[in-house]
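Here the structure comes first, spelled out in structure tokens, and everything after it is commentary.
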Amino acid sequence: MKLLTVIVPCYNEQDNIRDFYNEFIKNEPFLRSKDIGFEVVFVDDGSTDETVANVRKLSGEDNRVHLISFSRNFGKEAAIFAGLQKSKGDYAVIMDADLQDPPALLPEMFESLDEGYDSVATRRVSRKGEPLIRSFFARRFYSLMRRISKTEIVDGARDYRLMTRQVIDAILAMPEYCRFTKGIFGWVGFKTKWIEFENIERRKGESKWSFWKLFAYSIEGITSFSTAPLAFAAFAGLLFCIVAFIAIIFVFVRALIFGDPTSGWPSMVCIILLVAGIQLFCIGIVGQYLAKTYLEVKRRPIYIVKEEL
Ligand code: UDP
Ligand code: MG
């Protein structure tokens, strides 16, 4: 008999725990027909509501339900990593607690594994019910990533993914602190099948992602999986050197021919400001990567467990 580990990151999802369980359990006949057992690992990411209590209660009723509770909020990426580390399954699947990742897709996903795929990923093809400005920036982010990163990061990709033990172990072998999961999945490779579905709005509660949180997350994605901004800084520097060199020759020759009347201070100030701005911007880019390196070399744990069931 094979085992499937279901990893459910939860941050203040008290009203969704039972709904999720009820929805997932509908897959039980299918799993049994394939001789696959399951365990559900709810990873509580430092919730401040009744999430932990609700999972505890559920775990008392069904011993296949497990809990990992963090000492504080470490982020969804850390929750996924913790779930994968605890998973004992031959397969693992990551699903959101808010039922935006429909558990009903599971049979179709297993079918693809039988076809010889190592992992089955999902992407939503619409962004229905999402603020327009958010969709716009999300699209820009993905098209930029496609151009500057060698790692494939798919537009609309969810973290909802079924994978074999081989893929799980590959992901666990990446111990980095700054975990941009979408990039990590792409980076480890393997034969991946993509299943598409229409966006589903979350069942209860609210999304944890504000616009600025998403913006910071996109910067994280770029700096974790591309060094193109560093190359941009070097390129900008070179370009300015060339322009300055041509300007020097021009000014020198003009002074020889026409003399050097003192004028042009306003334009000079503008140029100084522009160049200083670009310099600071480039130092900022370097700083982003330095900060990343700093965080990584501290080798802090990715999460801290307070309670485990
Ligand atoms: N989540 C988490 N830690 C966080 C934020 C979110 O574990 O710091 C979980 C959350 O409980 C949910 C999933 O990650 O199960 C997706 O979060 P959310 O629904 O808020 O994101 P969205 O679907 O709006 O992208
Ligand atoms: Mg959601």
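In each ligand, atom 1 is the first atom listed, and ligand 1 is the first ligand listed. Quick caveat, the model's predicted, so the values are computed rather than measured.
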(request) List the atom of Ile222, the atom of Pro229, and the distance in Å for their closest heavy-atom pair. (result) CG2-CG, 3.9 Å
(message) Do Arg161 and Trp194 form a cation-pi contact, if we require the NZ or CZ to be under 6.0 Å from the six-membered ring centre and within 45 degrees of the ring's axis?
(response) yes
(message) Considering non-hydrogen atoms of the protein only, which is the closest contact for atom 3 (N) of ligand 1, and what is the distance?
(response) Asp45 OD2, 2.6 Å
(request) Only heavy atoms count here, so choose which of Arg158, Lys76, Gln100 is nearest to atom 23 (O) of ligand 1. (result) Gln100
(request) Could you please tell me which protein N, O or S atoms lie under 2.8 Å from the Mg ion (ligand 2)? (result) Asp98 OD2, Gln100 OE1
(request) Give yes or no for whether the N/O distance cutoff of 3.5 Å, strictly under, is met between Pro9 and ligand 1. (result) yes
(message) Counting non-hydrogen protein atoms only, what is the nearest one to atom 1 (N) of ligand 1? Give residue, atom name and distance.
(response) Tyr11 CB, 3.8 Å
(request) Using a 4.0 Å heavy-atom cut-off, say whether Asn73 meets ligand 1 through its side chain, its backbone, both or neither. (result) side chain
(request) Distance to 0.1 Å, residue and atom name: give those for the protein heavy atom nearest to atom 20 (O) of ligand 1. (result) Lys208 N, 2.7 Å
(message) Does this structure show an ion pair linking Lys306 with Asp44, if we count only N-O contacts that are shorter than 4.0 Å?
(response) no
(request) Could you tell me whether the side chains of Ser87 and Arg165 share a donor-acceptor contact shorter than 3.5 Å? (result) yes
(message) Below 3.5 Å, N or O to N or O, backbone or side chain included: is there any such pair between Ala79 and ligand 1?
(response) no
(request) In plain terms, say whether Glu23 and Lys26 are close enough for a salt bridge, that is, a side-chain N and a carboxylate O under 4.0 Å apart. (result) yes
(message) Quick check: Phe180 with Tyr217 (ring centres under 6.0 Å apart)?
(response) yes
(request) Assign the ring pair Phe110 / Phe30 to parallel, tilted or perpendicular, where the plane angle (0 to 90°) is split at 30° and 60°. (result) tilted
(request) Identify the protein heavy atom lying closest to atom 24 (O) of ligand 1, giving its residue, its atom name and the separation to 0.1 Å. (result) Ser207 OG, 2.6 Å
(request) Look at atom CG of Leu273 and say whether more than 12 heavy atoms of other residues, nucleotides or ligands are closer to it than 6.0 Å. (result) yes
(request) Considering the heavy atoms of Asp98, write down every atom of ligand 1 situated less than 4.0 Å from one of them. (result) 19 (O), 23 (O)
(request) Please go through Val243's hydrophobic cluster and name the other residues, only I, L, V, M, F, W, Y counting, with side-chain heavy atoms under 4.5 Å joining them. (result) none
(message) Looking only at protein heavy atoms, which one is nearest to atom 18 (P) of ligand 1, and what is the separation?
(response) Arg202 NH2, 3.4 Å
(message) Return the closest protein heavy atom for atom 16 (C) of ligand 1 as residue, atom name and distance.
(response) Asp96 OD2, 3.2 Å
(request) Give me the ring orientation class for Phe24 and Phe20: parallel if the planes are under 30° apart, tilted from 30 to 60°, perpendicular past 60°. (result) parallel
(request) Using a 4.0 Å heavy-atom cut-off, say whether Glu13 meets ligand 1 through its side chain, its backbone, both or neither. (result) side chain
(request) Go through the side-chain N and O atoms of Glu61 and Tyr21 and say whether any donor and acceptor fall under 3.5 Å apart. (result) no
(message) How far is atom 25 (O) of ligand 1 from the closest protein heavy atom, and which atom is that?
(response) Trp209 CD1, 3.7 Å
(request) Please confirm whether Arg139 makes a cation-pi placement over Phe136, using NZ or CZ under 6.0 Å from the six-membered ring centre and within 45° of the ring normal. (result) no
